[in-house]
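Working notes for the structure below.
Quick note on labels: first sequence line is chain A, next is B, and so on, each numbered from 1.
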There are 2 protein chains.
Amino acid sequence: MTEFDNFFKSAFTVDNVIFGFDEGDLKVLLIKRGEAPYMGQWALPGYFVYPNEDLDTAANRVLEELTGLRHVYLEQVKTFGAVNRHPFGRVITVAYFSLVKINDYKLQPASIARKAQWHPVSEVKELAFDHFEILQSCFQRLKSSVRWRPIGFELLPPHFTLTELQHLYEAILETELDKRNFRKKILGMDLLLDLDQTQEGVAHRPAKLYRFDREKYLRFQAEGFNFELKEGQRKEVRKRRMEAV
Amino acid sequence: MTEFDNFFKSAFTVDNVIFGFDEGDLKVLLIKRGEAPYMGQWALPGYFVYPNEDLDTAANRVLEELTGLRHVYLEQVKTFGAVNRHPFGRVITVAYFSLVKINDYKLQPASIARKAQWHPVSEVKELAFDHFEILQSCFQRLKSSVRWRPIGFELLPPHFTLTELQHLYEAILETELDKRNFRKKILGMDLLLDLDQTQEGVAHRPAKLYRFDREKYLRFQAEGFNFELKEGQRKEVRKRRMEAV
DNA sequence: TTGCACTGGTGTAAAATACACACTAATTTC
DNA sequence: GAAATTAGTGTGTATTTTACACCAGTGCAA
């Protein structure tokens, strides 16, 4: 028993914004609440942090229980602790986002029980607690992270075409990119491995398949190489400035 | 009494990395611990979050108790919750950084009692708990924030010269900037108000004084204007790449 | 088999930005 | 009035971003 035990303690949780990419849409995995408060509403998956658990571990656990996936990209974003954010008492929550390849994802028993479902990010309008705000923070963070590090690949299957990759970036950045400039930039980073394979079963000229070369990325990163994807930003700003006039 | 009360609860705190700028050095306000654990060691100022307090409020309170300052720039950075980060029990801490003008800062009774002292960031080598890691995260965040938003002004007195501003940026970014390019870029942002005054009491040609035009900044920000300060980055990367070879 | 629908794939020129670089101007001090 | 010190200023080159349009390969249907 130390002086410590006299201080106020609170419940604390992690909430995980699980992003996936499918059918050209950026999606987020939500859960239909089966209990009060906010019964029947959609919410972010989250849970209490156990006493013997680091924060990252807890976030990974929440993710794995739902999707069965481990070793996926996970990033801590922000902590939400408004006094009244939970009607039953003080709960502080650490928000994470993670990136999963939807195809890898096998519905876990837990996720069926918890009625998990993918929702296009752009169509989510309302969530339990302050989860909508949390979602927005995480989406914002994903947007800025993706410009600096090639984390987009985490959302695609191991083999993908350049067009798929571009659509992914467009979904995340909520903008349109120029095909030629995008390809120039991405290929110029020298992070893609040409697999000498092409798509099959498509009713048009098949595209080449690539995979992300993680080893090369790590080597480049150590050398201080810069992966900034600037494209579309200046344009965006200019557009907004015009609109403002 | 709800189901809630059965869950594990933990103590949680905020820690505040208070940056200041003085004598050309970026500094951080540290406290000499007067109690176990880590008695006698330097630590970041921090305290428990009260039951009726939001996180930002707690961070502001910690800051005000030490410096007497309110309404300064404050940014949440990251939450640290490793199981054993505190020897007396589980403590989760939310790290913030804040930017204060050292000249405004009046030593508060509380800060004298707590033996607060400014330390050049570059000379801090070891801190209590995981505070060194926290400091590094916050410094890193300051570095990247300062490239995107003109928050540097928060560290300078209301009136300053361009050279002072440049030294500040150099201290934060840990690099040297070219005088002419820096001035071109900063003045081009059109955020500085020329005060038609000059320095006094200096033994050389006196410099013009400027102040930051916050209103204009807010207006520009609303228009989606971009304040990126890119200078020095490409150079840095290239240098590091050379070294790596 | 031919043509249509569809998506894949490619280069270049103009504009904006980043970078490197060196001298004159104004003031104090001795 | 000479020396010392910092303020202030402009231009050319390299790099990056941007805008933009056509031919190529495949499946499918007529």
Side-chain angles (χ1 to χ4, degrees), chain A residues 23-24 147-148 156 159-170 173 175-190 192 194-210 225-242, chain B residues 23-24 147-148 156 159-170 173 175-190 192 194-210 225-242:
Chain A
E23 298 166 14
R147 280 196 190 280
W148 291 96
L156 290 177
H159 301 171
F160 50 85
T161 70
L162 290 180
T163 302
E164 283 165 355
L165 184 62
Q166 180 178 343
H167 287 335
L168 169 62
Y169 272 87
E170 290 177 335
L173 298 173
T175 183
E176 285 187 13
L177 301 172
D178 179 86
K179 183 159 64 160
R180 280 184 283 197
N181 294 337
F182 179 79
R183 293 161 106 94
K184 210 187 310 169
K185 184 87 188 191
I186 290 288
L187 292 174
M189 288 181 186
D190 205 22
L192 294 190
D194 186 339
L195 291 168
D196 283 320
Q197 294 173 37
T198 51
Q199 280 180 310
E200 284 174 18
V202 286
H204 54 78
R205 174 176 175 181
K208 283 170 101 171
L209 291 172
Y210 293 86
F225 204 92
N226 196 339
F227 298 101
E228 184 177 6
L229 182 93
K230 180 97 170 226
E231 192 190 352
Q233 195 166 277
R234 229 147 59 182
K235 190 171 53 180
E236 269 304 291
V237 168
R238 208 180 301 153
K239 199 176 70 188
R240 263 179 294 159
R241 214 178 310 168
M242 299 293 280
Chain B
E23 297 166 15
R147 279 196 190 281
W148 291 95
L156 290 177
H159 302 170
F160 50 84
T161 69
L162 289 179
T163 303
E164 284 165 355
L165 185 62
Q166 182 178 341
H167 288 333
L168 168 63
Y169 271 87
E170 289 176 337
L173 297 173
T175 183
E176 286 186 13
L177 301 172
D178 179 84
K179 182 160 63 159
R180 280 185 282 198
N181 294 335
F182 179 79
R183 293 161 104 93
K184 212 184 311 169
K185 183 90 189 190
I186 290 287
L187 291 175
M189 287 180 186
D190 205 22
L192 294 190
D194 186 338
L195 292 168
D196 282 321
Q197 294 173 36
T198 51
Q199 279 181 311
E200 282 174 18
V202 288
H204 55 79
R205 172 176 177 179
K208 285 169 102 171
L209 291 172
Y210 293 86
F225 203 92
N226 196 339
F227 299 100
E228 184 177 5
L229 183 93
K230 179 94 172 229
E231 190 189 355
Q233 199 165 276
R234 220 149 67 182
K235 191 171 54 181
E236 269 304 292
V237 168
R238 207 180 301 154
K239 200 176 70 189
R240 264 179 295 159
R241 213 179 310 168
M242 298 292 280

Figure out the [atom1]/[atom2] separation between [X] and [N], and round it to whole Å.
X: B:Arg180; N: D:dT11; atom1: CZ; atom2: C1'; answer: 9 Å
X: B:Ile186; N: C:dA18; atom1: CD1; atom2: P; answer: 12 Å
X: B:Leu209; N: D:dG8; atom1: CG; atom2: P; answer: 9 Å
X: A:Lys208; N: C:dT10; atom1: NZ; atom2: P; answer: 6 Å
X: A:Met189; N: D:dT16; atom1: CE; atom2: P; answer: 12 Å
X: B:Asp178; N: D:dT9; atom1: CG; atom2: P; answer: 14 Å
X: A:Leu229; N: D:dT17; atom1: CG; atom2: P; answer: 9 Å

- Message: Would you compute the distance between atom CZ of A:Phe225 and atom CE of A:Met189 and round it to the nearest 0.5 angstrom?
- Response: 8.0 Å

- Task: Could you check if a side-chain atom of B:Ile186 sits within less than 4.5 angstrom of a side-chain atom of B:Gln166, using non-hydrogen atoms only?
- Result: no

- Query: Under a 4.5 Å cut-off applied to non-hydrogen side-chain atoms, are B:Thr163 and B:Arg183 in contact?
  - Reply: yes

- Could you run down nucleotides 22-30 of chain D 5' to 3' and tag each one B, S or - for protein heavy-atom contact under 4.0 Å? --BBBS---

Among all residues two or more places apart in sequence or in another chain, which pass the salt bridge (Lys or Arg N to Asp or Glu O under 4.0 Å) test with [X]?
X: A:Lys184; result: none
X: A:Asp196; result: none
X: A:Lys208; result: A:Asp194

- Sub-4.0 Å heavy-atom contacts from residues 160-168 of chain A onto DNA chain C, ordered by number: A:Thr163

- Query: Between A:Glu164 and A:Gln199, what is the shortest heavy-atom contact and its length?
  - Reply: OE2-NE2, 4.4 Å

- Task: Consider the side chain of B:Asn181, meaning its heavy atoms from C-beta on, and name the nucleotide among D:dA7, C:dT12, C:dC19 that approaches it most closely.
- Result: C:dC19

- Taking only residues two or more places apart in sequence or in another chain, which ones pass side-chain contact (heavy atoms from CB on, under 4.5 Å) with B:Leu187? B:Leu162, B:Leu192, B:Tyr210

- Task: State whether A:Lys185 places a side-chain N or O below 4.0 Å from either non-bridging phosphate oxygen (OP1 or OP2) of D:dT17.
- Result: yes

- Task: Could you tell me whether the phosphate oxygens of C:dG9, OP1 or OP2, come under 4.0 Å of any side-chain nitrogen or oxygen in A:Arg183?
- Result: yes

- Message: With a 3.5 Å cut-off and heavy atoms only, can you find an N or O donor on one side and an acceptor on the other between the side chain of A:Lys184 and the base of C:dT12?
- Response: yes

